[in-house]
Amino acid sequence: MTDPAHDPSAASPADPVAAWRRAAPDAVLLDGFHALKHAVRFGAEVLVAVTADRAAALALADELARDVRDTLAALLTQVPHETYAALVPRPHPTAVAALAVRPGRAGNLAKLARAPRTAPVVVLDQPRNLGNAGAVVRLAAGFGATGVVTTGTLDPWHPTVVRGGAGLHFATAVERLTVDELPPGPVFALDPEGEDIRSLKLPDEALLAFGSERTGLTAELRARADHLVALPMRPQVSSYNLATSVAMTLYHWSATGGAPS
């Protein structure tokens with residue numbers, strides 16, 4: 001008898017391409033095995049999942065994600081590589097892709113506004129680089145931050161951002177807001193003219209705000225800031241990468257009292 005977990009025809013839906021096309025306009029693209037793995041771990045509602053090599057995907061699950069291996073086996077449907085490649089903007093090396101329901105805005109806003117918070121909210125003030133925004137979501141999830149908020153025009157749920165975040169959007173609250181809509185809490189804004197972060201303890205209820213890669217903080221966000229904070233930096237070095245700045249700041253928060261659960 002064939003083991004259903006290893007039978008390429010065992011997973012549903014019966015017509016994954018039709019299911020994909022129905023769901024695609026409103027769904028979140030999970031691009032690659034790791035994005036699907038993380039989304040499943042953090043409770044995403046996966047609508048359809050396909051792979052060009054089901055055996056290889058399940059071998060990865062056996063090696064790296066045994067906690068969700070059975071769930072992945074039930075979700076993944078094998079399709080020809082040409083079919084898989086036609087469904088995604090850029091084929092992933094793992095040849096896995098899925099569509100999931102985007103978490104509701106109301107629920108995310110409630111998580112961001114909940115008091116007292118046990119971890120900061122990261123605010124990206126008018127970011128420009130999709131990959132950097134995704135890396136920040138991944139960092140925020142890893143450190144157990146309450147959420148990631150972007151201002152400006154960048155969609156934090158853009159497929160490239162989700163790809164950069166490896167599906168960890170489902171592990172934290174990710175939303176786009178205006179400065180006026182930011183959740184309550186003291187704003188600690190990163191700025192070269194600020195107080196050295198090493199002299200500060202960042203509270204759990206803080207909003208940690210980072211300016212764009214090119215222009216820094218907007219005047220609107222700067223006016224909202226309660227504290228300006230500077231990262232240590234050698235003279236004549238102009239700046240850090242955005243994700244690096246977020247990582248250093250979250251590490252400082254965790255090392256001085258806050259920590260992932």
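Position 1 is the first residue of the sequence, and the numbers go up from there. Only this structure's heavy atoms are used, side chains among them; waters, hydrogens and symmetry mates stay out.
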Answer yes or no: is there a donor N or O on one side and an acceptor on the other, between the side chain of [X] and the main chain of [Y], under 3.5 Å?
{"X": "His227", "Y": "Val187", "result": "no"}
{"X": "Lys201", "Y": "Thr256", "result": "yes"}
{"X": "His169", "Y": "Pro156", "result": "yes"}
{"X": "Glu181", "Y": "Thr178", "result": "yes"}
{"X": "Thr215", "Y": "Ser212", "result": "no"}
{"X": "Trp157", "Y": "Val174", "result": "yes"}
{"X": "Asp125", "Y": "Thr218", "result": "yes"}
{"X": "Thr83", "Y": "Val79", "result": "no"}
{"X": "Arg222", "Y": "Leu228", "result": "no"}
{"X": "Arg128", "Y": "Gln126", "result": "yes"}

Of the non-hydrogen atoms in [X] and [Y], which two are nearest, and what is the gap between them?
{"X": "Leu190", "Y": "Leu217", "answer": "O-CD1, 3.5 Å"}
{"X": "Ala173", "Y": "Lys111", "answer": "CB-CB, 4.2 Å"}
{"X": "Thr94", "Y": "Gly32", "answer": "OG1-CA, 3.5 Å"}

With the side chain counted from C-beta on, respond yes when [X] and [Y] share a heavy-atom pair under 4.5 Å apart, and no when they do not.
{"X": "Leu250", "Y": "Leu208", "value": "yes"}
{"X": "Tyr251", "Y": "Thr249", "value": "no"}
{"X": "Thr77", "Y": "Thr51", "value": "no"}
{"X": "Val123", "Y": "Leu182", "value": "yes"}
{"X": "Leu202", "Y": "Phe188", "value": "yes"}
{"X": "Pro159", "Y": "Val28", "value": "no"}
{"X": "Pro186", "Y": "Glu205", "value": "yes"}

ask   = Are Asp204 and Thr118 linked by a side-chain donor-acceptor pair shorter than 3.5 Å?
value =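 Thr118 and Asp204 do not have a side-chain donor-acceptor pair below 3.5 Å.
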
message = Before you tell me yes or no, could you show the steps for Leu99 and Val46 under side-chain contact (heavy atoms from CB on, under 4.5 Å), namely the whole-Å CA-CA distance, both residues' side-chain angles and the distance that decides it to 0.1 Å?
response = CA-CA 6 Å; Leu99 295 176; Val46 178; over 6 Å; no

Would you kindly confirm whether [X] and [Y] end up in one hydrophobic cluster when ILVMFWY residues are joined by side chain heavy atoms under 4.5 Å apart?
{"X": "Leu154", "Y": "Leu242", "value": "no"}
{"X": "Leu30", "Y": "Leu60", "value": "yes"}
{"X": "Tyr240", "Y": "Phe210", "value": "yes"}
{"X": "Leu168", "Y": "Val121", "value": "no"}
{"X": "Phe143", "Y": "Leu124", "value": "yes"}

ask   = Got a sec: does the CZ of Arg105 have more than 12 other heavy atoms crowding it under 6.0 Å?
value =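 Yes.
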
inquiry  = Less than 4.0 angstrom from a charged side-chain N to a carboxylate O is my criterion; do Arg224 and Asp180 meet it?
reply    =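 Looking at Arg224 and Asp180, the cut-off is not met.
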
message = For Asp26, is there an ion pair with Arg102 - N to carboxylate O distance below 4.0 angstrom?
response =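 Here Arg102 does not pair with Asp26 in a salt bridge, since their nearest N and O are not under 4.0 Å apart.
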
task = Determine, stepwise, if the pair His34 / Leu64 fulfils side-chain contact (heavy atoms from CB on, under 4.5 Å).
result = CA-CA 9 Å; His34 298 290; Leu64 302 173; 3.7 Å; yes

request  = Report the relative orientation of the aromatic rings in His38 and Phe42; use parallel for angles under 30°, tilted for 30 to 60°, perpendicular for over 60°.
outcome  =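 Judged by the thresholds at 30° and 60°, the geometry between His38 and Phe42 is tilted.
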
Verdict with supporting geometry, Val50 and Gln78, side-chain contact (heavy atoms from CB on, under 4.5 Å) = CA-CA 6 Å; Val50 299; Gln78 182 156 319; over 6 Å; no

inquiry  = Checking Arg176 against Val149 for the side-chain contact (heavy atoms from CB on, under 4.5 Å) test, could you report, in this order, the C-alpha distance in whole Å, the side-chain angles of both residues, the deciding distance, and whether it holds?
reply    = CA-CA 5 Å; Arg176 177 168 51 180; Val149 169; over 6 Å; no

